[in-house]
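Reading through the structure tokens given below for one structure.
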There are 2 protein chains.
Amino acid sequence: MNNVNPQIDVRLVEYQANKLQELINEMNNCCQERIYLEAKMFGLPPSELKCLALFDGHRYLTAMTVAGKLEVAKSRATVIIDNLVRKGLLQRAPDPNDARVKLVSLTPKGQRKVREIEEFVFHLHSQLLGQIEASQRPNIISALEVLRSAMESIKAQLQV
Amino acid sequence: MNNVNPQIDVRLVEYQANKLQELINEMNNCCQERIYLEAKMFGLPPSELKCLALFDGHRYLTAMTVAGKLEVAKSRATVIIDNLVRKGLLQRAPDPNDARVKLVSLTPKGQRKVREIEEFVFHLHSQLLGQIEASQRPNIISALEVLRSAMESIKAQLQV
DNA sequence: ACAATATAGTTCACCGCATGAACAATGTCA
DNA sequence: TGACATTGTTCATGCGGTGAACTATATTGT
């Protein structure tokens, strides 16, 4: 009669699973909203913003690399790059080592834009931190790290 | 000379903001992947899955309500409902109180599908919890709650 | 009571995002 | 050297989504 009541355990896990789902969904919704806010602020659709961000730390990228990192078809990468070239943010140059390849890079205007976007995003996350007690921040971050790891584990299992 | 070094503070916030951004992005990516996995598993696009979920706890919904909750145009709601009606998961009936209105509800097949989807999602989140030490779970959940609240605050400020 | 206005749902034309196939130019391999 | 692979582009197509126009119906104001 000294057994811990397993019914309470099941109920607790049930509550926690539902709570977790709710919280993850809500945070995901916030992220989606942020993405659209950025698109509006910078006058660029999400795909183009995402593309620009790829050049951070890279002098050149190829269309193939862009397609791979954005997880889109080659032809889609062409369209996105075309649009950004038209807007003066990216430029194309031939690759001296392989005549099939085009090297894509940020224009000076594109570099300024990327910096602007990064500063906005950084500022946003700083503000987010500002809403949290300084003493709590390490805990929040490590909690997210645990959750991120847990997600990666489940993801790996689901792909068997 | 006993001042706390403010440079360390700035560096810390910078590190934490960047870390936070990275973690949130990664979790968001995981969520997007989960959405596509579900679409594949249940053979329904995300919009239709999301529409089905709206009926949880509701005997009827109108197309207007569906459009509002999904945050899409009326015409888009019509298309989504049409597709689900065609698949035998939703049905339409006239509203006895207002001849303009169609009452949309789950078919028995739709109910089973919704239950199936909910069970899968619940199972997924339970597994996620299973990757976390039981003693840590309340902490993870409250950390997410703090973060969720912080996000809502920033969101409210950005909409002024 | 009736005309003006609002509402619900549908239809339709259109746009943006994304795919895959086909292609030409170029590179690699047998 | 020919067969095969790769890169980037073009093009046709499909899906998700919008807004306008429309019909039927409800509501409001005179």
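So you know, we letter chains A, B, ... as the sequences are listed, proteins then strands, and number each from 1. Both backbone and side-chain heavy atoms feed into the values below; hydrogens, waters and symmetry mates do not.
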- Query: Counting just side-chain N and O atoms, does B:Thr78 come under 4.0 Å of either OP1 or OP2 of C:dG9?
  - Reply: no
- Do other residues, nucleotides or ligands put more than 12 heavy atoms under 6.0 Å from the CZ atom of A:Phe122? yes
- Query: Are B:Lys155 and B:Glu152 close enough for a salt bridge, meaning some N to O gap below 4.0 Å?
  - Reply: yes
- Message: Generate the contact string for nucleotides 18-25 of chain D. Rules: B means base contact, S means sugar-phosphate contact only, - means no protein heavy atom under 4.0 Å.
- Response: BB----BB
- Message: To the closest 0.5 Å, what do you measure between CG (B:Leu89) and CG (B:Leu84)?
- Response: 6.0 Å
Calculate the interatomic distance between [X] atom [atom1] and [N] atom [atom2]; express it in whole Å.
| X | N | atom1 | atom2 | result |
| --- | --- | --- | --- | --- |
| B:Asn97 | D:dT27 | CG | C1' | 15 Å |
| B:Tyr60 | C:dG9 | OH | C1' | 18 Å |
| B:Leu61 | C:dG9 | CG | C1' | 15 Å |
| B:Tyr36 | C:dC17 | OH | P | 14 Å |

Suppose we screen for side-chain hydrogen bond (donor to acceptor under 3.5 Å, both in side chains). Which residues come up paired with [X], at least two apart in sequence or across chains?
| X | answer |
| --- | --- |
| B:Thr78 | none |
| A:Ser75 | none |
| A:Arg100 | A:Asp98 |

- Note on the structure: Note: A:Val104 and A:Phe55 closest approach over all heavy atoms is O-CE2, 3.2 Å
- Item | Set of residues satisfying ring pair (Phe, Tyr, Trp, His ring centres under 6.0 Å) with respect to A:Phe42, sequence neighbours excluded | A:Phe120
- Query: Which residue pairs pass the salt bridge (Lys or Arg N to Asp or Glu O under 4.0 Å) test when at least one of the two sits in residues 123-138 of chain A, sequence neighbours left out?
  - Reply: none
- Message: For residues 68-93 of chain B, which residue pairs pass the salt bridge (Lys or Arg N to Asp or Glu O under 4.0 Å) check, not counting sequence neighbours?
- Response: B:Glu48-B:Lys87, B:Asp82-B:Arg92
Contacts under 3.5 angstrom, residues 20-31 of chain A side chains, donor-acceptor by atom type, not counting sequence neighbours:
unit_1, atom_1, unit_2, atom_2, d
A:Glu26, OE1, B:Arg148, NH1, 2.4
A:Glu26, OE2, B:Arg148, NH1, 3.4
A:Asn29, ND2, A:Asn25, O, 3.4

- Message: Using five base pairs at each end to define the local axes, how bent is the helix from C:dA1-D:dT30 to C:dA30-D:dT1, to the nearest 10°?
- Response: 10°
- Query: For DNA chain D, which residues in residues 80-95 of chain A have a heavy atom at a distance below 4.0 Å?
  - Reply: A:Arg92
- Query: Residues in side-chain contact (heavy atoms from CB on, under 4.5 Å) with B:Pro94, at least two apart?
  - Reply: none
- Task: Taking only heavy atoms on the protein side, list every residue of residues 49-59 of chain B lying under 4.0 Å from any atom of DNA chain C, sorted numerically.
- Result: none
- Transitive ILVMFWY side-chain link A:Leu90 to A:Val79, under 4.5 Å: no
